[in-house]
Participant: 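Have a look at the structure that comes next, please.
Every value quoted in this text rests on a predicted model; they were computed, and no experiment measured them. Along the sequence shown, residues carry numbers from 1.
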Amino acid sequence: MLSDGISRRQQFQGGHIYWSPATGAHSIQGAIYDKWTALGAETGVLKFPTSDEVVAPDGTGRFTTFQGGAIYWHPTTGAHPVYGPLHMFWGLSGYEAGPYGYPTGDPVYTGDNVSQTFQRGTIQLWDGQLGGVHQVDESDELTLDDTWIFPEYPAWPPTPDTFADWNTVDDPDGSLAEQNRQEAVMVDNALATLGGYEVTRYLWKHMYEDPGIAVTLAPSTIDEWMEESFTGIDGFTAPALVRSANRDRTVATAIEYADRLNKPFKATFIAIDKDDEGVERKRWILTRGLSGSDQWYAAGRYSMSACTSVIARPGPAGQHPIKLVQQAHTYDVYDFDPEYTNSLPVDFATEIALRGFRLGINKWFQVFGHGSQIAWEGLR
């Protein structure tokens, strides 16, 4: 019995088997076991194993997955852990079969920042930018897949009680539902009269016409939202500032490596935020539009990330040839808060939406967004 009083461990001549209620029983042995125990075993950052030792697709390497990450072994690199946001980015890039290859060292922390070396590059989390840099050939170009990297979407529904009040009001003759639909049309008509609220109207009507069905906004809508450089509210970073910080960090990293090793290098970084404990950064960034704008009424506060990929070649200061592409990604839950009180128009619409929700004639839904790829080529 282990220290939690529930889980179990048994030792054999060729290794160990660990069992926990959450993970089941899995074997672990050799260099991977040695590395895992050096990191604190089940009480360390990786926690319990979630797989037996697996042969990597190349037929040479080995790995074991854990609740908190993985340990990868290769005869030329040894056994090294990959966990936290670095593990997420490495996985999105193809794991050991991607451009970075196998890990060649453990994560190295410098305050809140962390970096880790791999066979063909480095992955790092630095000043809220998560990504990697690796050498490329002179002929390599940027691709459409380079910026299709963003944090994992949150669980849906977000909480167990998200739909607890849905369809909880009896309406035997349908009169309450009919009244609510008429009120919803009144909201749409008011927005149409004001003008300039097309996305707000679209999402509002979708909630009634296709309740609960996810929506993906047009790239042009996301592009317009990402131009916002001021939110008017403390605690929210404007979309344009998120994008510029992401772009500048990616360019600087690609140039740094190109100059250091006198070869072309490719850097790809995504902008992410701290988690609730303020330790690891792996979440979407909360942002918003200006109060009263179509962006604000359509989404309120919403989540975004930006991904920039850059190929830089060596050169004197200000004369580095670079190719750059950036894409913004957004995520939101279209819902209404029963405790929200602010302005009369929003309060009125909230009351109507909540009545429709409890009647079961509308339903909250997810809203996804991916902006256009913005490309640039020149000297920096």
Side-chain angles (χ1 to χ4, degrees), residues 150-151 153-154 156-158 162-163 180-181 183-233 235-243 271 273 283-306 327-357 361-372:
F150 41 85
Y153 290 122
W156 178 255
T162 296
F163 297 112
N180 186 257
R181 288 193 177 93
E183 292 171 336
V185 171
M186 290 172 55
V187 171
D188 180 56
N189 288 340
L191 291 168
T193 300
L194 290 171
Y197 293 97
E198 295 310 310
V199 181
T200 303
R201 292 181 61 201
Y202 168 70
L203 295 177
W204 174 264
K205 289 188 289 187
H206 178 86
M207 179 176 62
Y208 280 89
E209 295 171 357
D210 296 292
I213 304 300
V215 163
T216 298
L217 297 176
S220 59
T221 295
I222 304 305
D223 294 344
E224 182 179 345
W225 287 10
M226 293 301 104
E227 294 298 320
E228 185 63 70
S229 60
F230 181 68
T231 67
I233 299 291
F236 293 90
T237 304
L241 301 184
V242 173
R243 289 177 53 219
D273 201 2
R283 300 194 317 168
W284 296 78
I285 297 171
L286 279 180
T287 188
R288 49 161 282 164
L290 280 172
S291 296
S293 66
D294 187 23
Q295 181 182 163
W296 168 242
Y297 282 126
R301 66 178 189 177
Y302 62 95
S303 301
M304 72 160 291
S305 182
Q327 187 175 21
H329 306 278
T330 65
Y331 175 79
D332 191 32
V333 174
Y334 192 86
D335 61 358
F336 288 83
D337 184 355
E339 299 181 2
Y340 179 87
T341 56
N342 194 318
S343 61
L344 182 59
V346 177
D347 287 349
F348 179 64
T350 298
E351 290 177 6
I352 293 171
L354 289 170
R355 283 198 293 268
F357 183 78
I361 61 173
N362 69 32
K363 200 171 189 180
W364 314 150
F365 56 93
Q366 296 170 290
V367 183
F368 304 98
H370 307 284
S372 305

Participant: Would you check if the side chain of S305 reaches a backbone N or O of A271 as a donor-acceptor pair within less than 3.5 Å?
Facilitator: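 Flag set: sc S305 to bb A271 pair under 3.5 Å.
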Participant: With respect to M226, which candidate in R243, Q327, H329 satisfies the side-chain contact (heavy atoms from CB on, under 4.5 Å) definition?
Facilitator: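 Between M226 and the candidates, side-chain contact (heavy atoms from CB on, under 4.5 Å) is satisfied uniquely by R243.
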Participant: Over 60° means perpendicular and under 30° means parallel, so tell me whether F336 and W204 are parallel, tilted or perpendicular.
Facilitator: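 Perpendicular.
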Participant: Report the residues that fulfil side chain to side chain contact (heavy atoms under 4.5 Å, CB included) with T162, sequence neighbours left out, ordered by chain and then residue number.
Facilitator: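 Side chain to side chain contact (heavy atoms under 4.5 Å, CB included) check on T162 returns P157, P158, T159, W364.
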Participant: Between F348 and M186, which heavy-atom pair has the shortest distance, and what is it?
Facilitator: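 Closest approach of F348 to M186: CZ-CE, 4.5 Å.
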Participant: How long is the gap from OG1 on T350 to CG on D335, to the nearest 0.5 Å?
Facilitator: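 Reported to 0.5 Å precision, the distance equals 10.0 Å.
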Participant: Report, one line per pair, each donor and acceptor closer than 3.5 Å where one atom sits in a side chain of residues 189-199; sequence neighbours left out.
Facilitator:
| unit_1 | atom_1 | unit_2 | atom_2 | d |
| --- | --- | --- | --- | --- |
| N189 | ND2 | V185 | O | 3.4 |
| T193 | OG1 | N189 | O | 2.9 |
| Y197 | OH | G292 | O | 2.7 |

Participant: Considering all heavy atoms of both residues, which atom of T287 and which atom of T237 are nearest to each other, and what is their separation?
Facilitator: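 Closest approach of T287 to T237: OG1-O, 2.7 Å.
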Participant: Go through the steps to decide whether V367 and L217 satisfy the test side-chain contact (heavy atoms from CB on, under 4.5 Å), and finish with yes or no.
Facilitator: CA-CA 7 Å; V367 183; L217 297 176; 3.7 Å; yes
Participant: Looking at Y334 versus W156, is the centre-to-centre ring distance below 6.0 Å?
Facilitator: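 That pair fails the under 6.0 Å test.
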Participant: Scan for side chain to side chain donor-acceptor pair (under 3.5 Å) pairs involving residues 211-223, sequence neighbours excluded, and state none if there are none.
Facilitator: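 Applying side chain to side chain donor-acceptor pair (under 3.5 Å) to every pair that reaches into residues 211-223, excluding sequence neighbours, yields D223-S372.
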Participant: Only one of D188, D210, V187 forms a side-chain contact (heavy atoms from CB on, under 4.5 Å) with K205, so which one is it?
Facilitator: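 Output: one option passes, namely D188.
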Participant: Which heavy atom of A214 sits nearest to which heavy atom of H206, and what is that distance?
Facilitator: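 Here A214 and H206 meet closest at O-NE2, 4.4 Å.
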Participant: Judged by atom type as modelled, is there a donor-acceptor pair below 3.5 Å linking the side chain of W284 to the main-chain atoms of F150?
Facilitator: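 Absent.
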Participant: Are Y302 and Y331 an aromatic pair, judged by ring center distance below 6.0 Å?
Facilitator: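 Ring-ring flag for Y331/Y302: false, centres at least 6.0 Å apart.
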Participant: Tell me every residue that passes side chain to side chain donor-acceptor pair (under 3.5 Å) with E228, counting only those two or more places apart in sequence or in another chain.
Facilitator: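 Expected list: none.
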Participant: Measure across F236 and R301 and return the closest heavy-atom pair with its distance rounded to 0.1 Å.
Facilitator: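 Nearest pair, atom of F236 first, then R301: CE2-CB, 3.7 Å.
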Participant: Report yes or no: does N362 contribute a side-chain atom to a donor-acceptor pair with the main-chain N or O of F357 at less than 3.5 Å?
Facilitator: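 Yes: the side chain of N362 pairs with the backbone of F357.
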Participant: Could you go through L286 and S303, starting from their C-alpha distance and side-chain angles, then the distance that decides it, and tell me whether this counts as side-chain contact (heavy atoms from CB on, under 4.5 Å)?
Facilitator: CA-CA 5 Å; L286 279 180; S303 301; 3.8 Å; yes
Participant: Using the salt bridge (charged side-chain N to carboxylate O under 4.0 Å, His left out) criterion, which residues pair with E224? Sequence neighbours excluded.
Facilitator: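 For E224 there are no salt bridge (charged side-chain N to carboxylate O under 4.0 Å, His left out) partners, ignoring immediate neighbours.
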Participant: Under the side-chain contact (heavy atoms from CB on, under 4.5 Å) rule, what do F365 and L203 come out as? Steps first, then yes or no, please.
Facilitator: CA-CA 10 Å; F365 56 93; L203 295 177; 4.1 Å; yes
Participant: Only counting residues at least two apart or in another chain, list the ones meeting side chain to side chain contact (heavy atoms under 4.5 Å, CB included) with A238.
Facilitator: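 With neighbours one apart ignored, the set is T231, L241.
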Participant: Which pair of heavy atoms, one from S291 and one from R288, lies closest together, and at what distance?
Facilitator: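 Minimum heavy-atom separation between S291 and R288: OG-NH2, 2.7 Å.
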Participant: So, for R355 and N180, which heavy atoms are closest and what is the spacing to 0.1 Å?
Facilitator: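 Smallest heavy-atom distance, with atoms named: CB-ND2, 3.6 Å.
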